[in-house]
There are 2 protein chains.
Amino acid sequence: MLNISEIIRRIRSGGYRITKAREAIITIFAKAKAPLSAGEIEKTLKGMGVHINKTTVYREVDFLKAEGVLKELSLGDNIRRYEFRTDNHHHHIICIKCNKVECIDMPECVEKEEKIVSKRSRFKIIDHSLKFYGVCPGCM
Amino acid sequence: MLNISEIIRRIRSGGYRITKAREAIITIFAKAKAPLSAGEIEKTLKGMGVHINKTTVYREVDFLKAEGVLKELSLGDNIRRYEFRTDNHHHHIICIKCNKVECIDMPECVEKEEKIVSKRSRFKIIDHSLKFYGVCPGCM
DNA sequence: CTAACTGCAAAATGTTTGCTCAATA
DNA sequence: TATTGAGCAAACATTTTGCAGTTAG
C-alpha cells in the first residue's frame with residue numbers, strides 16, 4: 001500500500017496544490033480494493049458527501065496518472081479504470097456475472113510467453129496485461 | 001482460417017438471412033489480419049464501395065458475436081474490437097507507437113498462472129486475455 | 001408473404017474542451 | 001496575488017434505441 005503523505009509531498013514538491021478534490025480522490029484510491037472508473041469515483045465522492053464535478057474527476061485522474069500516482073487499465077468493457085501504481089506486478093480476475101474485480105499479485109509471471117512473443121514478433125516488449133475471466137464464489 | 005461458406009450455412013440453418021451487409025462484413029473479417037472496431041469496419045466497407053449504415057454495423061457485430069462467429073476483445077484503448085472466433089487460442093501484441101496489432105498463436109499458455117489464480121481467488125476460471133505492449137520493428 | 005433486416009434520427013454513455021471564476025500556497 | 005484548480009455548458013466519440021420502411025427466402 002502506498003503512503004498518502006508521501007504522495008502528497010511528491011505532488012507539492014512538483015509545484016502542485018493539494019485541494020479538497022485531489023485529496024479526496026487520492027484517499028479513495030488508497031482504500032479501493034479494485035480499479036475504479038471516473039463514474040465510480042464520482043459516485044463514491046457523492047457517497048462521502050463531497051460534491052465534485054465530473055470534469056474535475058476526469059482531469060484529476062489524468063493529473064494523477066501523469067504524476068505516476070495512478071495507472072490506467074482496461075477490464076474489457078470500454079471504460080477507463082485506474083488504480084494506484086504500485087511496484088508489485090499484479091493482474092486481475094473479473095467475474096463475468098457480477099463484474100466484481102480482484103487483484104492478484106503475481107511477480108515474474110508470463111515469462112515463458114514473453115520470450116516466445118519477443119522472438120516471434122520482433123517487438124521490443126515493454127509491458128503486458130493479463131486478465132482472467134470467470135465466476136466468483138458468490139455467483140456460483 | 002475459418003471457412004466462409006461453412007459460416008454462411010450455419011447462419012442460414014439458424015433461420016437467418018445472408019444479406020449484402022452480412023456477407024460483406026464476414027468477408028472483411030475473413031481477410032482481416034488484426035481485430036477491427038465498428039468504425040474500422042464502416043470505413044473498410046466504404047472503401048469497398050459498399051454503403052452500410054453504422055447502426056447496421058453495430059447490430060451485425062452483435063449478431064455475429066451471438067452466433068459465435070466473432071469474438072469481442074479490448075486492446076486497452078476503450079474501443080470494442082472483433083475478430084473471428086477460431087479454435088486456436090491466441091493473444092495480441094500492440095505497438096505503443098503506431099498501434100499496430102499482431103496476433104500470436106500460443107496454445108497452452110499461462111497455465112502456471114491460471115493455477116495460481118484459481119487457487120487464490122476461488123473463481124471458476126473460464127477464459128483469459130493476455131496482451132503485450134511494446135515497440136514494433138518499424139517504430140524502433 | 002412475412003419475419004429478418006436496414007436506415008435514419010435521436011438518445012444515451014463516456015470523455016474532452018473552452019472559458020470564467022475560485023482558492024491554494 | 002499569482003497560478004493552479006474547479007465548475008459549467010457544450011462539444012465529441014462511440015454505442016444504443018425506436019420506428020418506419022425494405023428485402024431475402
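To find a chain, count down the sequence lines: A is the first, B the second, and so on, and within it residues start at 1.
When all heavy atoms are compared, the tightest approach of A:L73 to A:E83 is CD2-CD, 3.3 Å. Of all non-hydrogen atoms in B:I26 and B:I4, the two that sit nearest each other are CG2-CG2, 4.2 Å. The minimum heavy-atom distance linking B:C95 with B:V135 is given by the pair SG-CA, 4.1 Å. For A:D105 against B:R120, the heavy-atom pair with the smallest separation is O-NH1, 2.6 Å. Between B:V57 and B:I25, the shortest heavy-atom contact is CA-CD1, 4.3 Å.
None of A:L36, A:I93, A:L75 except one satisfies the side chain to side chain contact (heavy atoms under 4.5 Å, CB included) rule with A:V101; the exception is A:L75.
What separates CZ of B:R80 from P of D:dA13 is a distance of 18 Å, to the nearest Å. Between the NZ atom of B:K46 and the P atom of C:dG7 there is a distance of 12 Å, given to the nearest Å. One can place CG of B:D62 at 13 Å from P of C:dC5, the figure rounded to the nearest angstrom. Going from atom CZ of B:F63 over to atom C1' of C:dT6 covers 14 Å, rounded to whole Å. Between the C1' atom of D:dT15 and the CD1 atom of B:I41 lies a distance of 13 Å, rounded to the nearest Å. Spacing between atom CD of B:E42 and atom C1' of C:dC8 amounts to 13 Å, rounded to whole angstrom units. Taking atom CD of residue A:E60 and atom P of nucleotide D:dT4, one finds them 14 Å apart after rounding to whole Å. Atom-to-atom, CD1 of A:I26 to P of D:dG5 comes out at 11 Å; the value is rounded to the nearest Å.
Contact annotation: A:N53 reaches the phosphate of D:dC8 (side-chain N/O to OP1 or OP2, under 4.0 Å). Between B:Y58 and D:dT15, a side-chain N or O to OP1/OP2 separation shorter than 4.0 Å is present.
If you look at A:H128 and B:H91, their ring centroids are not closer than 6.0 Å. In summary, the aromatic rings of B:Y133 and A:F123 are positioned with their centroids too far apart to meet the 6.0 Å limit.
Salt bridge B:R22/B:E60: present, at least one basic N to carboxylate O contact under 4.0 Å. Salt bridge A:E72/A:K65: present, at least one basic N to carboxylate O contact under 4.0 Å. Ion pairing between B:K115 and B:E113 fails under the 4.0 Å rule for side-chain N and carboxylate O.
Near DNA chain D, meaning a heavy atom under 4.0 Å away, the residues from residues 12-22 of chain B are B:R12, B:R17, B:I18.
Nearer to the 5' terminus of DNA chain C, by closest-nucleotide assignment, is the contact made by A:I79 (compared with the other of A:I79 and A:R59). Comparing A:I52 and B:G39, the nucleotide of DNA chain D nearest to each residue sits closer to the 5' end for A:I52. Each of A:R81 and B:I11 was assigned the nucleotide of DNA chain C with the nearest heavy atom; the assignment lying further toward the 5' end belongs to B:I11.
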Could you list all N or O pairs between the protein and nucleotides 10-12 of chain D that sit under 3.5 Å apart?
none

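With axes fitted over five pairs at each extremity, the angle between the ends of the helix from C:dC1-D:dG25 to C:dA25-D:dT1 is 30° (10° resolution).
Using a 4.0 Å heavy-atom distance criterion, B:N78 is classed as making no nucleic acid contact.
With hydrogens and angles disregarded, a donor-acceptor distance shorter than 3.5 Å links the side chain of A:E40 to the backbone of A:S37.
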